[in-house]
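Structure first, commentary second.
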Amino acid sequence: MLKTNNCIDLSNLTLGKSIILAGWVANRRDHGNLIFLDLRDQSGIAQVVIDADINEELHKMAKSIRNEWVIQISGIIRERPEGSENPKLPTGYVEVITHDLTILNESITPPFEINDDITVDESIRLKYRYLDLRRIRMSNILALRHNVVKFIREFLNKRNFLEIETPILIKSTPEGARDYLVPSRLYPSEFYALPQSPQQLKQLLMVSGIEKYYQIARCFRDEDPRSDRQPEFTQLDLEMSFVEQEDILSLTEELYFNLVKEIVPHKKIVSPFPRITYADAIAKYGTDRPDTRYDLKLHDLTTLLSNSEFNIFKKIINNKGIIRGFTAPNAAHYKRKDIDGLIDFAKTYGSQGLMWIAIDETTSNNIEEDSIRSPIKNHVPFTEILQIASELNANPGDLILIVAGTEKITNLTLSALRAEMANRLDLIDTSVLAFTFVTDFPLFEWDDEIKKWKSLHHPFTSPSDDQLEKLQISPESITSNAYDLVCNGLECAGGSIRISNREMQEKIFEILGYTNQEIQSQFQQLLTAFDYGAPPHGGIAGGIERLVMLLSDTDNIRDVIAFPKTQKFIDPLFESPSKVTQEQLAELHLETIEKDNE
RNA sequence: GGGGCUGUAGUUCAGUUGGUUAGAAUAUCGCACUGUCACUGCGAAGGUCGUGGGUUCAAAUCCCAUCAGUCUCGCCA
């Protein structure tokens, strides 16, 4: 080795010990005859001193050294002189006095400064990702991610799970997300697809008699970008035989709880994880992935207002819409401008608008007619406003926000508003990881565009046992054995107890509108396997990136991936995607079509 | 596929109502300096104002197109 120790070790070693360090020059402070270097390696930073009185040759060499040069120094650990300690550094009470120095490599001036405090345009960071990752913050996140995956592996290995790799080149199936395709050279006009998840493969492993499987699995989905999405991502994929929902939930809880305790002990986490049904989650939060770090629960006003004379309410209710709202505490001071901002915000989710009632503080501490400010004040009697306020537990000083419209858009808008107000009112304790299980998902939802039933989870999810008779009659009312683990408003993991018999699986495909031929071509391998004795089984899959994001307090998925793509799915480092040669295309029996500029 | 914001020195940004030589900080380069750690002091260099077109006597500034980054709606079983 070119080094005997890491920089961070410095403070733990005995004074006077002779050591060799190697790393990058993070900073140089030249005081003439005395030069200080901050030497950075993966572990951290150590101060190195070069004194002209000790060795003039070395001192001359050190004069030429610049940031990001790679050097090796040997020297002796010593205490810093009194008054020159630096409490900001873990190694700030000691330093290395240099007796020998080798320049291992020089560096040109980097395109941005390598320290944690900078903000640099992301395309530049990604183009020079190898420099970006030299920042301590970035390498710490990589280490955190490593520790997460390591913990998961050790946790599951201890419980006799087998880690099994499944193919990356599999078969395209049109349901779900768009596939990434890989052309076959040996079979003209035929393609492999990259897995969106190893779903069918892990179920086949269950039929194989592997009773406990897991995989840190790479998944690929060719969907449009979002700030928390990448075209390829990693999931903890796990599946077990002979289990019921409770077994998966308790295993998942134990895993995530212990993982948090071990890896980010400073985070607050509640155990047992609260559980909420899908229906309750929608009712209270307007979404199936509620952020439970703050209250702001939604309340339904549809029944209360069913006899209202106010035209807007009447119309919504007659059209089978809903009216719902919540109270933003101590927000009555919101100015017209703030509220207009909220209205615009609400409209981006498709709602027609946003009704608001500001209740000013009164001397009597009661809600008085004069203390109400609201655009609906002149259309709705005061008693009705009082009823609304009472239903929403609103008090003087609060701001009531109400959305009316179709169920879907109203809930979507309110859940977004809820998060927005929590942010604005600073109601979120960022040190909390609020894990919650959401259970009893509906099995199907109606897709009005293609006029078909769609699986809410996926088509292999089993319906709840006690509801099988409703399967044909009212598919919308049937719940499933599907569950999600939600944390701070993010879906962290999702899974289900699967269907493990052929007849049931075929019945579900039928309801989903698959033709016999489609079933045959896409799922025959699974259905045939079920003919040979499939064990009851179920599992869960959790996103690794999202988990690491939660643990490392970043809302940028690119921060938790070593070499991510931009939000347009471009890699600025390799400049991919890229053109390939005509020879490569010919070999794959492909031709490209130039896109017209219409 | 739709919408918002951004693009000016290596980097992060300012740039007024369209008007003289486009500024600051930091990084870089040079000199000085023995206790700094955002070292300090003095000096220097550094610009296709994303790109293309248009309006104008005059464009970083106004208009159109385009590219890139980011956020977002749809989409992501």
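Source: prediction; values computed, not measured. Just so it is clear: chains get the letters A, B, ... in the order the sequence lines come, proteins before strands, and each one is counted from 1. Computed from heavy atoms alone, side chains included, the values below leave out hydrogens, waters and symmetry copies.
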Check this for me: does any side-chain nitrogen of one of Lys507(A) and Glu503(A) sit under 4.0 Å from a carboxylate oxygen of the other?
no
Charged N to carboxylate O below 4.0 Å: is that the case for Arg40(A) and Glu68(A)?
yes
Taking for each residue the nucleotide of RNA chain B bearing the nearest heavy atom, is the 5' side occupied by Gly350(A) or by Gln196(A)?
Gly350(A)
With the side chain of [X] defined as its heavy atoms from C-beta on, choose the nearest nucleotide among [options].
X         : options                : value
His31(A)  : G35(B), G69(B), C76(B) : G35(B)
Asn67(A)  : U28(B), C29(B), U11(B) : U28(B)
Ile570(A) : U28(B), A68(B), U36(B) : A68(B)
Arg80(A)  : A77(B), A38(B), U36(B) : U36(B)
Glu223(A) : C75(B), C37(B), C71(B) : C75(B)
Asp121(A) : G35(B), U12(B), C29(B) : U12(B)
Tyr349(A) : A68(B), G74(B), U72(B) : U72(B)
Thr119(A) : A77(B), U28(B), U12(B) : U12(B)
Lys454(A) : G35(B), G69(B), C76(B) : C76(B)
Ser455(A) : U36(B), A77(B), C71(B) : A77(B)

Scan [X] against the nucleic acid and name what it touches under 4.0 Å (heavy atoms): base, sugar-phosphate only, or nothing.
X         : answer
Ile124(A) : sugar-phosphate
Glu122(A) : sugar-phosphate
Ile35(A)  : nothing
Ile114(A) : nothing
Arg78(A)  : base
Pro111(A) : sugar-phosphate
Asp51(A)  : base
Lys568(A) : base

Separation of C37(B) atom P from Phe36(A) atom CZ, nearest Å, is 9 Å
Could you check, using the six-membered ring where one of them is a Trp, whether Phe523(A) and Tyr514(A) have ring centers closer than 6.0 angstrom?
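Judged by ring-centre distance (under 6.0 Å), Phe523(A) and Tyr514(A) do meet the cut-off.
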Assert yes or no for the condition that the ring centre distance of Trp24(A) to Trp69(A) is strictly below 6.0 Å.
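Aromatic pair excluded; centres sit 6.0 Å or further apart.
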Could you tell me if the side chain of Val49(A) sits less than 4.5 Å from the side chain of Arg78(A), heavy atoms only?
yes
Can you find a pair of side-chain heavy atoms, one from Glu232(A) and one from Lys565(A), that are under 4.5 Å apart?
yes
Check whether any side-chain N or O of [X] sits under 4.0 Å from OP1 or OP2 of [N], and answer yes or no.
X         : N      : value
Thr566(A) : G69(B) : yes
Arg125(A) : U12(B) : no
Gln567(A) : C71(B) : yes
Asn27(A)  : C39(B) : yes
Arg229(A) : U72(B) : no
Arg226(A) : C73(B) : yes
Thr461(A) : A77(B) : no

Is the ring pair Tyr128(A)/Phe112(A) parallel, tilted or perpendicular, if the boundaries are 30 and 60 degrees?
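Because their plane-to-plane angle is over 60°, the rings of Tyr128(A) and Phe112(A) count as perpendicular.
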Inter-nucleotide [atom1] distance ([N], [M]), Å rounded:
N      : M      : atom1 : value
U11(B) : A27(B) : C1'   : 7 Å
U72(B) : U16(B) : C1'   : 32 Å
G18(B) : C57(B) : C1'   : 12 Å
C62(B) : G19(B) : C1'   : 14 Å
G1(B)  : U17(B) : C1'   : 39 Å
A9(B)  : A22(B) : C1'   : 10 Å
G74(B) : G3(B)  : C1'   : 11 Å
G30(B) : U21(B) : C1'   : 25 Å

Who pairs with [N] - Watson-Crick or G-U, where each distance is under 3.5 Å:
N      : value
C5(B)  : G69(B)
G19(B) : C57(B)
A14(B) : none
U28(B) : A44(B)

Check the pair Phe441(A) / His457(A) against side-chain contact (heavy atoms from CB on, under 4.5 Å), numbers first and verdict last.
CA-CA 8 Å; Phe441(A) 277 79; His457(A) 189 55; over 6 Å; no
Would the base of G35(B) count as contacting Glu95(A) through its side chain, where contact means a donor and an acceptor less than 3.5 Å apart?
yes
